[in-house]
Structure formats: structure tokens, C-alpha cells
Engineer: 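This is the structure, below, for whatever I ask next.
Numbers restart at 1 for each chain; the letters A, B, ... are given by sequence-line order, proteins then strands.
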Amino acid sequence: MELSTKYNPAEVEDKWYAYWTDHKFFHSEPNEKEPYTIVIPPPNVTGILHMGHVLNNTLNDVLIRKARMDGKNACWVPGTDHASIATESKVVAKLKDMGISKDSLTREEFLKYAWEWKEEHGGIILKQLRKLGASCDWDRTRFTMEPELSEAVINTFVYFYKKGWIYKGVRMVNWDPEALTAVSDDEVIHKDTKSHFYHLRYYISDGQGNPTDKYLVIATTRPETIMADAAICVNPADERHHWLRGKKVLIPLINREIPVIEDDYVEMDFGTGCLKVTPAHDVHDYEIGLRHNLEVIDIIDDHGRLNEKARILVGEDRFVARKKIVKMLEEAGNLEKVEEYTSPVGYSERTNAVIEPKLSAQWFLKMEELAKMALDTVESGRTRLIPDKYMNTYRHWMENARDWCISRQLWWGQRIPAWYLPDGRIVVEPSAEAALKAAQAIDPNIKMEDLKQDEDVLDTWFSSWLWPISVFDPQKPGHPEHEPNADLAYYYPTNDLVTGPDIIFFWVARMIMAGEEFMGKEPFSNVYFTGIVRDKIGRKMSKTLGNSPDPLDLIAKYGADAVRIGMLLCSSAGNDIFYDESQVEQGRNFCAKIWNSFRLVKGWTVDPAAQPSEAAAAAVKWFGSKLNQAVETVEDHYSKFRISDALMTIYRLFWDDYCSWYLELVKPAFGEAIDAQTYDATLSFFEALIKLIHPVMPFITEELWQQIRERKEGETIMYAPSPKAEAYDAALLADFDIAMETVVGIRGIRNQKGIAPKEALDVLVDGSFPMAMAPVVEKLAIVSLSEGDAEGKTGASLVVKTCKVFVCLKVNVEEEIARLKKDLAYQQQFLAGVRKKLSNENFVAHAPEKVIEMERKKESDALSRIESYEAALKALEG
RNA sequence: GAGGGUAUAGCUCAGUUGGUUUAGAGCGCUUGCUUGACAGGCAAGAGGUCUUCAGUUCAAAUCUGAAUAUCCUCACCA
């Protein structure tokens, strides 16, 4: 088969991905081998691939491919998340385009549209992952809202309810008036927003509901909520306001009478020291209200408009009402002054609407016990966080975990399995039938139509926290006593989880909770936190900024392997990633390098009768050792999840050691053939190298692996065993380093001086130079020096820096003398430093033997260098 | 406001329980190369008082404290 001059990723990628899936290479079933399991962090079913996914899934794929080649039974379970809020808002938007409003539909009708939308647009991301080369077991693809997994969620709810950990509470929630749903605290973005501080006069009541001429002044940013005021609050220690004790004041415009109360919450030096208490519309006010038994008057409806309880401005949007009421207050003489003011305001993450604090009945899951368990899992080391700097954060969160609000005012999701009896009592059961039975146990006359199911659905995280269990055995969550099925028994606990640190609490901690509760075992041994992908200037990738490239475009332009490399190159664990396209370019260049090196080797003709040259024989011996050493290093990096270091080690091994040194050494002269022995070794090395790098660059390695030698149908590099680290000859590596240094020195001199003598090179060697390396130096140095000539330089000999090989070159004597003098001075200074250290009694007394030896070696090295330089100087001057 | 992370070359990062480094790598930069695989390449080179100050130690990029900068999480003030 002919190799094209240029590597064409697109051709190769489709071909091999199809080959892999056709042969079901990604598929795993329980067997006698050791399992290695990863569950995908399920992306939103409606999501499309972004750079964060690329990073995450590349890392996952590297780990899974590595494990597969290491002989483990590797299983990577893919799937998607129903993402209730995101999906529902997309469906609502789509319906709006079609001229349908959500309000006009029944729940069933809406869900029908939603499922249609899901079938049509869902799971695109899973197809995109294939382009990346993700080796997921597609037969195991799961969706958090498929019937079995939904059942698991419902069972879990029933389980915790019956355990007494789920309760219904009235809480202040963050209401999104656009999405018409409560959003969690975590989905609220606080942004400093310019607004006004309105100073309002509240006149003291004469007792009959008429204003006196005395008044107090409060400062508020939300004048439209004054109709919901339940009290005016001052700090009891604030003497300025003691005259108000026991007084009542009138709300402007509507003249409703409210009391003046005292509470420590009020800060004396903020605003006017008087606070209007609006329990229905502010979290703190609600708490004050609880303490003082204040009435809760809710004057804002779900859409953010004033309702009839406001008595005035009914039906107006809250922001319109604000403008209007300010005018009214001004006209009524209640507006004392207006200040410019910047304060943090909560916005909905999804719709960017200003969050309205609102009282609402919600379902909660108690966190206390679960958090305690989850903290222990990590503190005991059964689950390791990588990097471990996240331990502190994790502990802090677990120790301060607030109860989890698990209900969402949406339709897309698992509907809460709670049924209300006509008298308001609640039964919680996995099905309507079971609920009816339970209800009839309370009241035998209850019929199905008397029962009303809760309208809300469960938080999406309430299904994804079961993910590592439910993808294998959906019967298990909610049934701790259930005997795990074969899959769950074999694959659980999973090994590693790769995810972003932003969901450590939403998802990671909660999976640990569910794992401990239902399996009595942590769901994974290691959690590897990636960084957040940012652009070159450090901004988060976002659609609005338009600074996120489309990964598919990148793959089309550079190839999937290149994109994977580009992502990994800059990704040390836990640090944010500054993405720059030049890194992908580097990845592409690496592909080209691999490709071209293979073209070179494949292009050689082999002479079975020929014998290896001395240089080639030395090179083969050396690279064998070098390879083993590198494999050892790479294994070490992997074991510590230092993936980019592992990649870098292989990158340099391939590029510098194999291509720049090894291939140059074994390369036959133009027109000549290579001996069979060296050729075989060269191919074997190449094969080992591409196996090493395969987890990172799956496509090009499969292509070349197939071409190295004849392969049978159904063979794949994916299951070729990883190169194992064998013993290597450290002395040989050290000797070769000297040879390389020598060659570099020779090249350096040539380049620096701009000379390239025609004369053959004389290599004069003294006793300390490793003689076996002479052919190596000779071959490479001659190549380096065989070209060109310098003009008008006079020749003499000089010393190459560190080793004692004398090379005859033409150089400018004076320049060389100056350079040598400079080097000599530096070495003398260095020697003095080392000697000072060695003469320090304390150093000799305390430092480990190894360190002292090191210093002695430095001393003798410096000495011998000084000697060489002096000798060379003498020769040049003389 | 509370807690946490980070600070090393122009950029992105290593530096593995203080001595194995005269502080390394990749990219970028400069210079020279139409060198029979590769200009997506080859070769050479420049570039860092390890943010600052103080402390512990025979010894600090590494440990401690403070300052400064920056990022993240949580809470958010009428």
C-alpha cells in the first residue's frame, strides 16, 4: 500500500472508527478479567460539543484506552442527562416560534412535544463524541429519563421519604419569572447592578389610621414592594429611633398601618437605620417575619406582576410598577430623596431574568447524614480527589451542606410521586395504584380521581446522582436490599471519574452520597478534576462572547488526534486551561512528524546480507534502553494522573530521541540499503512508540500499526498490549548523553562561527570518553559538518565543552580565545562556590551522603573542565 | 463578608515529602539553512535576582508568617 506524502486525518478517522464499532471493540461484558470502568459525565441531551467536553472526554478516552491495552476489561458507559431546565426552556422557545405558548398546553401535550424534540435534537453530542474518537460502549448508552432510570429516581424518592429524610417545606426560593420556575441558589448569578436608593417617608399613625406630621425615613431599592410591608424594623440599640417604640406607621399611598419592631439584624449605620420588612419578598425579611410573627403578604405573581393584594398598580410588571410608584410617591410627598446606588442583584443563569425571592412550597432532602457519609468517604481516602487541593473545599461544603431542594416547577423530568388526598394529606408511593392503596388505608372511601399528584418534577441532579449505579442496575437505587445484577456486581465501584471542579458539589459529592447509601461503597476510587477551559486571554468559553471554537471545525481542519493533543498539552490537573489554537497546530505537526518518520523507514530497501554498522548497532542498543526508561516514566506519570506529562515524555521520546537521533544514526547513506537486523529493530521500536501513544492519538496510530506489518481482519492496536518497562542500561544512556553533548557541541561551534570545514573530522579521544560512542559522534558530526565552507577563517583546534573529544575545526583564533577565557572564569567561580560549600563543617555533618558525593562530583567536573580549557588556551595562544 | 486556590522564561506549565538543577520543558522569539522523510522541517541562540518582605535551617523555588496580585466557591445587605 502506498503511503500518501501528507497525512490525511479525515480519511483515516472515519475508516477506523467504523472498523472499531463494526467489530464491537468498545463493547464490554463481565468476564474473568479485572474491570476498568468509567461512567461518562452525562452531557445535556440537547447539548452540543464544546471545548470543555473535548477536554473531559479526551481524558476519559485516554484512560480507558490505556486500561484496555493494559489488559483490563475496559468499559466506558456513555449517556445523556435530561437537563430539565435547559431542555424545557429550549422546547418552550421552539413552541413559541411555532406560536404555541406553554400555558395553552396540558402537561401531556407539552411532554409529547418535548419527547419529539428530544428524539429529533437529542444525542447529537454522542455522535460528535465519535468524531473525537471516544471509545464508549455504545450498546450501553443510557438516558437519565428513560423508563428504567426514571423508575430508579422515583424509587429513590419513595425510599428517602419513607426514611423521613424528604420533607415538604415552605422556603424562600429564587423565582425566575420568565422560566416560571424556582431555581437553586447555585443557578443564580449575582451581578452588581446600578439602581437607585429611594428614601421614603412613612408617617406615624395617630392610632386611627390617619397620618400625623411626624415621620420616619426608610431607604429601599424596591419601592414597588411597600404594599407588602409587614413592619418597620430598627435596631434595639439605636437610640435615634427609641421614640418610635410602640408606634405604628402608615404605608404610603395605601395607608395601611404597620408596627415598628426591633431586631438586631438591622444595621444602624446602613441607610437610615430603619428597615422596611417585607417577608414575602426578601429572604432576610422573611426570617425577621418568622421571629416577630409578621403577616406575609405576597403581592407579586408568578410572572413578576403586582397582584390584587397590592391594591394599587395591579397587573403591572414589577419594573414598570417601580417607575410608576416612584412618581406617585413623589406626588404624594413621600419621596425624600433618590440616590444612585449599585447593589448586587440576582439573575437567573438560564433566562437572565432578575430573580424574585418568593415563598413557595418545595420538597427537600435532608443532607446531614448523607453529607457526613460523603465526607468520610473522601477523608478516609476511599475516594481520592486529584489534585488533592480540592479536599479543603470539599470538606467545607460537606460540613456546611444545606438541605437539598429537589423539586422544580417544570414538566420535563420525573414527576414527584406524591399524591394529595382531598384533605391535604400526602401519600408517597412509586405508582398511582400503590398510592391509591395507601390512601385507602387512611380513608377507605378514597377513589383514584380524588387523588392529585404533585405537579412538580425532580431536580435533574436527583437522577444524575444515581448514574454510576443506575446505568448498570436501575433496580438498585431506592432498594439497598436488592441483590445487584451481574453488571453492577462486576463493574461497581467504577475506577476513575473525570469531571470539572464546578460540579464537585452538585454531582460528585452527591454521587458519593448515593453510592454510600445504596451500595455501601464509594462509586469511584479517583476523581480527576480538569480545569475550566478558557480562551487565551483567560475568559471563560461562552456562546455570548463567541470565543469558543467549534470542536468539529477544529477536527475537520486539523484532525481528531491533533485536537486531542492540543487539549492535553496544556492541561495539568485542576488548573484552568488556556486554550489556544497553536496547541492544536502543534498536535497536527506531531502527527505529520510521525507520518513522515514512517514514510522514511518504509522507504528503505533492505539488504539481507548486510551487516549493521558500528553506529547503527550502538544506536539500536541505546534506543532499546531509552525506550524502556521512557516507558517507566510514562507509567509513573499515568499512575499519578499526570497525563500531559506522560504525553510530553512520549512526544520527546518520539521526536528527539527516535527521529532526531536514532533514525539519523541508522539511516543508510543515499542509494544504499539497510541491513535486516537494524531494520527489524527500527520497525519494532516504531511499533512500540505508536502503541505507547495510541491512547492519546488513536487514529493515526491504528492506521500506521496496520501498515507496519500484515495484520489480519479483526486485529487492532486497541488490544495490542502496552509496552512494558524492562530493565535498561543506565550506564549506556549516560555514555550516549556524552556522545550527544559532543555532537551538539560540534554543531554549535559550526553554527556559532558560521564555519563548516571541508576537511574530514578528526576525533581525538582521551581515556574518559566512552570509546563505544566514537562511531556515533563520528557519523553525526560528519553529517553536521560536511557542508559548505567558511571564508577566510584561520584554523586551530579547540575543546568541545564538556567531554574530552578534541575536534579539529577552522576557527577564528582570537574569538575562540575570548570565549574560552569567559568559560574558564565562569568555571572558576563555580568551583569556588562548590568548595565553599564543601568546607562548611555543618554541611558535611548534616547533608546526606548522596548530596555530598554530588558536590564532590561537581568539584571534580569543574576542575577537569578548567584543566581542559587551560590546555586549549595554551595550545591556541602558543 | 467567610473559606480556599494560585504567583517560576514573552505565553502555558514542570520542579515528585528542603540538598540529586549552575532552576527545566513545550510553544513563541532571534539567527543560519531549497541539507533526498518532514519548512507542519533541520540546526544554533537569546531569555528567569523563582511576586515582595520577614522567619525556621548548615542548606529554601520548595517549610512558616505577613503583604501584594489574581482566580474560584459560599453568603450577600435594606
Side-chain angles (χ1 to χ4, degrees), chain A residues 3 5-7 185-186 190 197 218-222 233 265-267 270-278 282-285 341 343-346 387 389-393 395-397 400 402 501-502 504-505 532 536 538 558 562 569-572 574-580 582-583 585-586 588-604 636 640 642 644-645 648-649 651-652 659-660 663 667 670-671 744 747-752 754 783-784 786-788 826-827 829-830 833-834 837 840-848 850-855 857-858 862:
Chain A
L3 272 182
T5 339
K6 290 241 185 235
Y7 172 54
D185 289 349
D186 318 295
H190 291 274
F197 220 9
I218 58 102
T220 180
T221 52
R222 299 203 60 189
C233 191
Y265 170 76
V266 180
E267 280 176 37
F270 190 86
T272 61
C274 295
L275 170 71
K276 76 185 204 54
V277 183
T278 319
D282 184 279
V283 185
H284 295 105
D285 291 12
Y341 184 64
S343 65
V345 172
K389 68 182 181 190
Y390 286 109
M391 264 302 302
N392 285 332
T393 323
R395 187 182 305 110
H396 191 250
W397 272 338
N400 298 289
R402 299 164 68 187
D502 44 338
I504 184 170
F505 183 63
I532 295 163
K536 216 182 167 181
Y558 296 104
L569 274 176
C570 55
S571 68
S572 49
N575 287 331
D576 282 359
I577 286 147
F578 294 85
Y579 167 79
D580 182 38
S582 71
Q583 290 147 200
E585 268 176 49
Q586 197 187 338
R588 177 207 49 191
N589 295 352
F590 188 39
C591 289
K593 187 72 185 176
I594 295 176
W595 187 259
N596 285 319
S597 64
F598 187 68
R599 281 176 55 218
L600 171 69
V601 174
K602 266 289 170 178
W604 288 337
D636 184 54
K640 292 170 185 157
R642 300 160 69 129
S644 62
D645 287 344
M648 212 54 225
T649 306
Y651 180 93
R652 294 178 59 198
C659 294
S660 297
L663 288 182
K667 190 194 258 179
F670 184 62
V744 167
R747 284 178 189 161
I749 290 154
R750 175 202 171 214
N751 207 293
Q752 225 170 40
V783 169
S784 302
S786 59
E787 284 303 310
Y826 181 83
Q827 286 300 327
Q829 200 190 346
F830 176 65
V834 173
K837 204 168 185 183
N840 181 332
E841 281 171 32
N842 282 319
F843 172 74
V844 179
H846 294 276
K850 227 162 77 181
V851 175
I852 294 171
E853 258 172 50
M854 207 60 222
E855 293 298 319
K857 187 165 178 298
K858 278 186 197 167

Engineer: A:Lys276 has a side chain; which of B:G40, B:A37, B:A78 sits nearest to it?
Structural biologist: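 Nearest to the side-chain atoms of A:Lys276, counting from C-beta on, is B:A78.
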Engineer: Between B:G3 and A:Arg395, is there an OP1 or OP2 to side-chain N/O distance shorter than 4.0 Å?
Structural biologist: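 No, because none of the side-chain N or O atoms of A:Arg395 sits under 4.0 Å from OP1 or OP2 of B:G3.
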Engineer: Choosing from B:A37, B:A75, B:A14, which nucleotide comes nearest the side chain of A:Arg642?
Structural biologist: B:A14
Engineer: In this structure, how many angstroms lie between the P atom of B:G19 and the CD1 atom of A:Ile852, rounded?
Structural biologist: 14 Å
Engineer: Let me confirm one number: the CD1-NZ distance from A:Ile218 to A:Lys276, rounded to the nearest 0.5 Å.
Structural biologist: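 So the CD1 of A:Ile218 and the NZ of A:Lys276 are separated by 6.0 Å.
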Engineer: Under the side chain to side chain contact (heavy atoms under 4.5 Å, CB included) rule, collect the residues that match up with A:Asn400, sequence neighbours excluded.
Structural biologist: A:His396
Engineer: Please measure how far the P atom in B:A37 lies from the corresponding atom in B:G32, and state the result in whole Å.
Structural biologist: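 Comparing P positions in B:A37 and B:G32 gives a spacing of 25 Å.
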Engineer: Counting side-chain heavy atoms from C-beta on, which of B:C42, B:A78, B:C58 comes nearest to A:Leu275?
Structural biologist: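 Of all the options, the side chain of A:Leu275 is nearest to B:A78.
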Engineer: B:G48 and B:C71: how far apart are their C1' atoms, nearest whole angstrom?
Structural biologist: 24 Å
Engineer: Counting any heavy atom closer than 4.0 Å, what does A:Gln827 reach on the DNA or RNA strands: base, sugar-phosphate only, or nothing?
Structural biologist: base
Engineer: Rounding to an integer number of angstrom, what distance separates B:G1 and B:U12 when you compare their P atoms?
Structural biologist: 29 Å
Engineer: Could you measure between the two P atoms, the one in B:A44 and the one in B:C58, and give it in whole Å?
Structural biologist: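 Going atom to atom, P in each nucleotide, I get 44 Å.
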Engineer: Give every pair of a protein N or O atom and an N or O atom of nucleotides 24-26 of chain B that lie under 3.5 Å apart, one pair per line with the distance.
Structural biologist:
unit_1, atom_1, unit_2, atom_2, d
B:G26, O2', A:Gln586, OE1, 3.3
B:G26, O2', A:Gln586, NE2, 2.6

Engineer: Would you call A:Phe598 and A:Ile594 a side-chain contact if the rule is heavy atoms closer than 4.5 Å?
Structural biologist: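 No. Closest side-chain heavy atoms not under 4.5 Å.
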Engineer: Under 4.0 Å between a side-chain N or O of A:Asn589 and OP1 or OP2 of B:G41?
Structural biologist: yes
Engineer: Could you tell me whether A:Cys659 contacts a base, only the sugar-phosphate backbone, or nothing, with contacts defined as non-hydrogen atoms closer than 4.0 Å?
Structural biologist: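 Base, at least one base heavy atom under 4.0 Å.
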Engineer: What contact category does A:Val266 fall into here, base, sugar-phosphate, or nothing, at under 4.0 angstrom with non-hydrogen atoms?
Structural biologist: base
Engineer: Counting just side-chain N and O atoms, does A:Lys389 come under 4.0 Å of either OP1 or OP2 of B:U6?
Structural biologist: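 No, because none of the side-chain N or O atoms of A:Lys389 sits under 4.0 Å from OP1 or OP2 of B:U6.
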Engineer: Name all residues meeting the side-chain hydrogen bond (donor to acceptor under 3.5 Å, both in side chains) criterion together with A:Asp636; count only those two or more places apart in sequence or in a different chain, and write none if there are none.
Structural biologist: A:Lys640
Engineer: I'd like to know if the side chain of A:Asp282 and the backbone of A:Thr278 have a donor-acceptor N/O pair within less than 3.5 Å.
Structural biologist: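 No, the answer is negative, given that no donor and acceptor are paired below the 3.5 Å cut-off.
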Engineer: If we take the P atom in both B:U56 and B:G15, what is their distance in whole Å?
Structural biologist: 28 Å
Engineer: On RNA chain B, does the nearest nucleotide to A:Asn840 precede the nearest nucleotide to A:Arg599 from the 5' side, or the other way round? Give the residue.
Structural biologist: A:Arg599
Engineer: By side-chain hydrogen bond (donor to acceptor under 3.5 Å, both in side chains), which residues pair with A:Lys858, not counting sequence neighbours?
Structural biologist: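 So A:Lys858 forms a side-chain hydrogen bond (donor to acceptor under 3.5 Å, both in side chains) with A:Glu855.
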Engineer: Using a heavy-atom cut-off of under 4.0 Å over every strand shown, decide if A:Lys858 touches base, sugar-phosphate, or nothing.
Structural biologist: sugar-phosphate
Engineer: The criterion is side chain to side chain contact (heavy atoms under 4.5 Å, CB included); which residues satisfy it with A:Met391, sequence neighbours excluded?
Structural biologist: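 With neighbours one apart ignored, the set is A:Val378, A:Glu379, A:Leu385, A:Arg395.
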Engineer: For A:Trp595, check ring pair (Phe, Tyr, Trp, His ring centres under 6.0 Å) against everything at least two apart and list the hits.
Structural biologist: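 Here the qualifying residues are A:Tyr7.
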Engineer: Once you round it to whole Å, what is the distance between C1' of B:U20 and CZ of A:Phe843?
Structural biologist: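 After rounding, the reported distance stands at 11 Å.
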Engineer: Taking B:G26 as the reference, what is the distance to B:A67 when you measure between their P atoms (whole Å, please)?
Structural biologist: 39 Å
Engineer: Whole angstroms only, please: what is the CD-P distance between A:Glu841 and B:U57?
Structural biologist: 18 Å
Engineer: Would you measure the distance from the P atom in B:G4 across to the matching atom in B:G65 and give it in whole Å?
Structural biologist: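 Those two atoms are separated by 11 Å.
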Engineer: Base, sugar-phosphate, or nothing for A:Thr220, non-hydrogen atoms under 4.0 angstrom?
Structural biologist: sugar-phosphate
Engineer: So which protein N/O to nucleotides 46-50 of chain B N/O distances come out below 3.5 Å?
Structural biologist:
none

Engineer: Mind calculating the distance between CD (A:Gln583) and P (B:C11) to the nearest angstrom?
Structural biologist: 14 Å
Engineer: Would you please name every residue forming a side chain to side chain contact (heavy atoms under 4.5 Å, CB included) with A:Ser597, sequence neighbours left out?
Structural biologist: A:Phe654, A:Cys659, A:Leu663, A:Phe686
Engineer: With sequence neighbours left out, write down each residue that passes salt bridge (charged side-chain N to carboxylate O under 4.0 Å, His left out) with A:Arg599, or none if nothing qualifies.
Structural biologist: none
Engineer: Could you pick out which residue, A:Asn596 or A:Met854, lies toward the 5' side of RNA chain B when each is mapped onto its nearest nucleotide?
Structural biologist: A:Met854
Engineer: With pairs defined as Watson-Crick or G-U wobble and both distances under 3.5 angstrom, please note down RNA chain B as a dot-bracket string, | for pairing with another strand.
Structural biologist: (((((((..((((.....[....)))).(((((.......))))).....(((((..]....))))))))))))....
Engineer: Going by the rule salt bridge (charged side-chain N to carboxylate O under 4.0 Å, His left out), which residues pair with A:Lys857 if we only count those two or more places apart in sequence or in a different chain?
Structural biologist: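 So A:Lys857 forms a salt bridge (charged side-chain N to carboxylate O under 4.0 Å, His left out) with A:Asp861.
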Engineer: Checking all strands, does A:Trp595 fall into the base, sugar-phosphate, or nothing category for heavy-atom contacts under 4.0 angstrom?
Structural biologist: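 The answer is nothing, as A:Trp595 stays clear of every strand by at least 4.0 Å.
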Engineer: Measure the distance from CZ on A:Arg588 to C1' on B:A39 and round it to the nearest whole Å.
Structural biologist: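 One finds 11 Å between C1' of B:A39 and CZ of A:Arg588, rounded.
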Engineer: Stacking between B:G36 and A:Phe670, yes or no? Criterion: centroid separation under 5.5 angstrom, plane angle under 30 degrees.
Structural biologist: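 Stacked: centres under 5.5 Å apart, planes under 30°.
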Engineer: Once side chain to side chain contact (heavy atoms under 4.5 Å, CB included) is applied, do any residues pair with A:Glu585, and if so which ones, sequence neighbours excluded?
Structural biologist: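 A:Glu585 satisfies side chain to side chain contact (heavy atoms under 4.5 Å, CB included) with A:Tyr558, A:Arg588 only.
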Engineer: For atom P, what is the distance between B:U30 and B:G10, given to the nearest Å?
Structural biologist: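 After rounding to an integer number of Å, I get 15 Å for this pair.
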